[in-house]
Structures are given as C-alpha cells and as structure tokens.
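Comments concern the structure below.
Note that this is a predicted model, so its numbers are computed, not measured. Reminder, nothing fancy here: chain letters follow the sequence lines and each chain counts from 1.
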There are 2 protein chains.
Amino acid sequence: MTTNLRDHIVLRLGKDIDNLELVLSKFIPLQYKRNEIILREGETCRYVYFICSGALQVFVHDQDMNETTRDIIVEDNWCSELMSFGKQQPSSENIRAIEPVQLIAIDRQGFQEMMEKVPQFDKVYRQILEASYANSVYRINSFVALSALERIRWLMDNRPGLMTRFSSKLIASYLGIHKDVFSRLKAKI
Amino acid sequence: MTTNLRDHIVLRLGKDIDNLELVLSKFIPLQYKRNEIILREGETCRYVYFICSGALQVFVHDQDMNETTRDIIVEDNWCSELMSFGKQQPSSENIRAIEPVQLIAIDRQGFQEMMEKVPQFDKVYRQILEASYANSVYRINSFVALSALERIRWLMDNRPGLMTRFSSKLIASYLGIHKDVFSRLKAKI
DNA sequence: ATAAAATGTAGACTTTTGTCATCGCTGAAA
DNA sequence: TTTCAGCGATGACAAAAGTCTACATTTTAT
C-alpha cells in the first residue's frame, strides 16, 4: 500500500533518506467508496492524504448549495485542507471520493513527530505547500479573465485526462461554468 | 526603515527572537516611483520584498497584452514571485509599484543563510507561504463561480480599502471584468 | 501654464452566458 | 426485468457581460 508513496518520495528527495521506513510507518491506509464524503465543511481536517488510487474532489458550497470545485486530485498526489489541518480549525472546504479511492493518511501527531525527527520530511511538507501554491496561482492567473470557451481549452491543454475521466457536471463545476453551457461549447471544439 | 518589519515579525513570533537584529541586517532598502516595474516576466525574481509603505501590483499579460492582476499588496505585507525566487527560474508574473513604494528586500543568499542559521526565520517563510496559499485558495473559491456584480460585492466585503485607494482600471483587472462593466455596475450598488 | 495622455462614465449594440423545459439514454435499485 | 433517478444534449428565451464610440474630467509631462 505504501509503494506509491515510497516511489513518490524517492523521486523527489533521492534514495538516501535515512528514516524513510519510519516515516512510512506513520501512515495508515484508508479506503472510501465512490461519492463518500471524506471531509465535511465545518469539521476539522485530521489528515494529510496521499492518493494511491482513485480521485478526490475538493469543493465548496455557495449560498444556494451549488458546488464549486476548487480541485480534482488523482492518484500519486497529495490532498488535504492544509489551513484546517495546520491550525486545527474548521474546514471551509469539503472533500469527496469521486471514484473508489485508496488513501494513506498521516494525522497531525504523526505529522509533527516527523517534522521534528526527520529533517527531510520538513522538505516534503514544504514541497507539498509550494506545489499547492503554484497550482493555485496558475489557476487564478488562467481563469479570472478567461471566457467559458477559453476555460475549456485551458483544461484540454493543462489537464486533458480530466475531460474523459470525469462527468460533465463535475468538470463544469471545476471550470466555474454551467453544465448546459459546457455541453454546448464542447460541441463547438 | 526596518521598523515596520521588526514590528511585523515581533507581532507574529513574539519578542524573544535571538537573532532578530541579525536577520534585519540582511535586508536592503529599495524604493521605486509610481509605475516602475520591479520584476518583469521572464526575469528571475531575486528578492523577497517587505513593503514598508506604498503598494504593489502582481500581474500577468494575456496574448493581447491585457493585464490581469493576481494580487494587490499594500504596506506591512510580503511580496515576491515565490516560484521564481525559490527555484531561480524565469518569472511568469510582473510586479509593479502602483504607488511610490519603500521596500526592504532580502536576496536568495541572505535568505538561505537565514534559513540555516535562524530556525525562527524558517517559520517566517512558512508563514508567508501558508498565508499566500490561503489567500489564493480563498480567491479561487470565491471568484470562479461569481458574477461581475458578486465579485464587486466580494471586494467591498473582503478588501474594502482597495476600492477607494486605487484606480477603477486596476480594480477591474483584479476582478477579471472590463472597466466599462465595472463602472456600470458600481453605479448600481 | 499648457498640451497631451490617461481615466471614468455613458449609451447603443453584439456576443456570451444563464435559465428553463424537454427528450433520450444509461446505470442503479427494487 | 422493470422502474426510476441522474446525466447529457438541445432549443428557446432572458440576463449579463463585452465592445465600441463619444465626451468630460483628471493626471502627467513638457
């Protein structure tokens, strides 16, 4: 179960990591069925997850309970609500399994132990944070000024796998456009 | 000149920081006139800036050279292009003084020295990163699904100071709407 | 001080997007 | 198997946003 994570870490930090097995032992395996909610807004996020297989949706609700999807995250990537996890405060976001998913998770205690004992782990966290930030910046710069059609093109250029793998409804909520509009414009490409 | 930064750090980390004066000594003062470009896309970002007074705009150009403003940052806050600064790679963003601005800046060498010698400095960097990330996430979740009018209301609720302090053109480019539309809708509120 | 440039507002018009109703298809549950 | 709920596609229409022009005002440079 930890094979993916081991590969992931070795790829980023090299093979010579002293406490790699110790780190891995702090992760617990979890699995969820399609459509299960893993984190609900208002709850405190207890884990940082690494996705071994499957995919997660991170989303918020607006006042009419419509979903806006901030991110769709697939296998071999990290997922959490870092603000809630870091400060142990209520989450403003929800996380849902959009496919059957196998996760390995580290809780706050294990996380902090690792931060203190394993200097390399500190780097992993920083890389997660930096990558998450870079993603967000990229998305803001791309989306804020783009039309619906341009957003669809952006998705095809940047994350082509999503278009075929997930439902139109989900993709539309990720692009911030309505599913009818998405359906219409898709035909024009 | 370093007074603002000293206050800023003490506020966040408490008074008992051993090497505070050492850290502050690594910062160099800089100033720019209104409309001067501080970082141009394609260049490598050499500094992390702390704004003592004035304000900066972080923006990108689309294919027609229209500006989209990712962030407007005012005094007593940090500003940089962290991806470019961290990896010393070309920046995709521009930074401009939108008011006469007094900055203090730390370069990569000073930054790394501090990261190694002063454990507390490491925390400062993490806080910058976490705050930047939190901002971005908030902005994505807010903006992607909002109409022009709702974006204006969002700005009035979240950053009311900006509306009166800066030009409509700039605000519109921050909201991702056209200045004509902004002007029209503003009248309706 | 004066001229030139940039900005803010407004109206008219076009294009894009949102909304609603309908219909056929598919997959899940009884 | 049959029924039903959800999804995706489409057409008609309404609402919102973009575009262009004009003009008055403000700011900047000389």
Side-chain angles (χ1 to χ4, degrees), chain A residues 32-37 54-55 57 59 61-69 72 96-100 142-156 161-189, chain B residues 32-37 54-55 57 59 61-69 72 94 96-101 142-156 161-189:
Chain A
Y32 292 90
K33 296 175 201 158
R34 185 170 135 83
N35 288 328
E36 275 193 277
I37 297 291
Q57 171 199 17
F59 66 101
H61 288 113
D62 68 12
Q63 62 274 31
D64 304 325
M65 286 300 281
N66 297 313
E67 290 178 12
T68 302
T69 300
I72 297 169
R96 172 194 288 142
I98 47 180
E99 289 176 352
S142 307
F143 273 49
V144 171
L146 291 191
S147 69
L149 191 58
E150 291 167 325
R151 290 179 190 199
I152 295 174
R153 292 223 168 86
W154 181 92
L155 190 69
M156 296 195 306
L162 301 192
M163 291 276 290
T164 51
R165 184 165 170 182
F166 303 108
S167 74
S168 294
K169 189 186 170 193
L170 178 65
I171 299 295
S173 90
Y174 178 70
L175 296 180
I177 59 183
H178 286 242
K179 64 182 172 52
D180 303 311
V181 177
F182 180 63
S183 181
R184 251 183 294 169
L185 294 177
K186 218 178 7 172
K188 288 191 183 174
I189 294 184
Chain B
Y32 292 92
K33 294 175 201 158
R34 185 169 137 81
N35 288 327
E36 274 194 277
I37 296 291
Q57 170 199 18
F59 65 101
H61 288 114
D62 67 13
Q63 62 274 32
D64 304 326
M65 287 300 281
N66 298 313
E67 291 177 11
T68 303
T69 300
I72 296 168
N94 307 271
R96 172 194 288 140
I98 47 180
E99 289 176 351
V101 68
S142 306
F143 273 49
V144 171
L146 291 191
S147 69
L149 191 58
E150 291 168 326
R151 290 178 189 199
I152 295 174
R153 292 224 168 86
W154 181 94
L155 190 69
M156 296 195 305
L162 300 193
M163 291 277 289
T164 50
R165 183 165 170 181
F166 302 109
S167 74
S168 295
K169 189 187 170 191
L170 179 65
I171 299 295
S173 90
Y174 178 70
L175 296 179
I177 59 184
H178 287 241
K179 66 179 174 50
D180 302 336
V181 177
F182 180 63
S183 180
R184 251 183 294 171
L185 294 176
K186 217 177 9 170
K188 287 190 183 173
I189 292 183

Exercise. What is the distance, rounded to the nearest whole Å, between atom CZ of B:R165 and atom P of C:dT7?
Worked result: 18 Å
Seminar exercise, completed: Separation of D:dT28 atom P from B:I98 atom CD1, nearest Å, is 14 Å
Exercise. Roughly how far, to the nearest 0.5 Å, is CZ of A:F166 from CD of A:E99?
Worked result: 4.5 Å
Exercise. Considering all heavy atoms of both residues, which atom of B:L185 and which atom of B:A148 are nearest to each other, and what is their separation?
Worked result: CD1-CB, 3.5 Å
For this session: Could you tell me the separation between the CG atom of A:D64 and the P atom of C:dG18, rounded to a whole number of Å?
Result: 14 Å
For this session: Flag the pair A:F143 / A:L175 as yes when at least one side-chain heavy-atom distance between them is below 4.5 Å, and no otherwise.
Result: yes
Problem set entry | Pairwise side-chain contact, B:I189 with B:M156, heavy-atom cut-off 4.5 Å (strictly under) | yes
List every contact pair, protein side and nucleotides 17-19 of chain D side both N or O, where the distance is under 3.5 Å.
| residue | atom | partner | partner atom | Å |
| --- | --- | --- | --- | --- |
| D:dA17 | OP1 | B:A148 | N | 2.6 |
| D:dG18 | N7 | B:R184 | NH2 | 3.1 |
| D:dG18 | O6 | B:R184 | NH1 | 3.2 |
| D:dG18 | O6 | B:R184 | NH2 | 3.4 |
| D:dT19 | OP2 | B:H178 | ND1 | 3.1 |
| D:dT19 | OP2 | B:H178 | NE2 | 3.2 |
| D:dT19 | O4 | B:R184 | NH2 | 3.3 |

Exercise. Looking only at heavy atoms, what is the nearest atom pair of B:I171 and B:L162, with distance?
Worked result: CD1-O, 3.5 Å
Exercise. So what does B:K186 touch, heavy atoms closer than 4.0 Å: a base, only the sugar-phosphate, or nothing?
Worked result: sugar-phosphate
For this session: Report which part of the nucleic acid A:S183 touches: base, sugar-phosphate, or nothing (heavy-atom distance under 4.0 Å, all strands).
Result: base
Exercise. Quick one: are B:P100 and B:K33 in side-chain contact, heavy atoms under 4.5 Å?
Worked result: no
For this session: Might you point out which heavy atoms bring A:M163 and A:L155 nearest each other, and give the distance in Å?
Result: SD-CD2, 3.5 Å
Exercise. NA contact type, A:K179, heavy-atom cut-off 4.0 Å: base, sugar-phosphate, or nothing?
Worked result: nothing
For this session: Provide the closest heavy-atom pair for A:Y174 versus B:V144 in the form atom of the first, atom of the second, distance.
Result: O-CG1, 4.2 Å
Exercise. Quick one: does B:R96's side chain have a donor or acceptor within less than 3.5 Å of a partner on B:Q57's backbone?
Worked result: no
Seminar exercise, completed: From CZ of B:F166 across to C1' of C:dA6 the rounded distance in Å is 18 Å
Exercise. How is B:R34 classified with respect to the nucleic acid when contacts are heavy atoms under 4.0 Å: base, sugar-phosphate, or nothing?
Worked result: sugar-phosphate
Exercise. Would you say A:D62 and B:E150 make side-chain contact, with heavy atoms under 4.5 Å?
Worked result: no
Problem set entry | Neighbour count above 12 (heavy atom, 6.0 Å) for A:K169 NZ | no
Exercise. Could you give the CE-to-C1' distance, from B:M163 to C:dG8, as a whole number of Å?
Worked result: 13 Å
Exercise. How would nucleotides 22-30 of chain C be written as a contact map, 5' to 3', with B for base contact, S for sugar-phosphate-only contact and - for no contact, using protein heavy atoms under 4.0 Å?
Worked result: ---------
Problem set entry | Whole-Å gap separating P (C:dG8) and CD1 (B:I152) | 13 Å
Exercise. When Watson-Crick pairs (N1 to N3 and N6-O4 or O6-N4) and G-U wobble pairs (N1-O2 and O6-N3) count only below 3.5 Å on both distances, what is the dot-bracket string of DNA chain D, with | for other-strand pairs?
Worked result: ||||||||||||||||||||||||||||||
Exercise. Rounded to the nearest Å, what distance is computed from the NZ atom of residue B:K169 to the C1' atom of nucleotide C:dA5?
Worked result: 11 Å
Seminar exercise, completed: Rounded to the nearest 0.5 angstrom, the CZ-CG distance for B:F182 and B:L170 is 10.0 Å
For this session: Starting at atom CD1 of B:I171, determine the distance to atom P of C:dT9, rounded to an integer number of angstrom.
Result: 12 Å
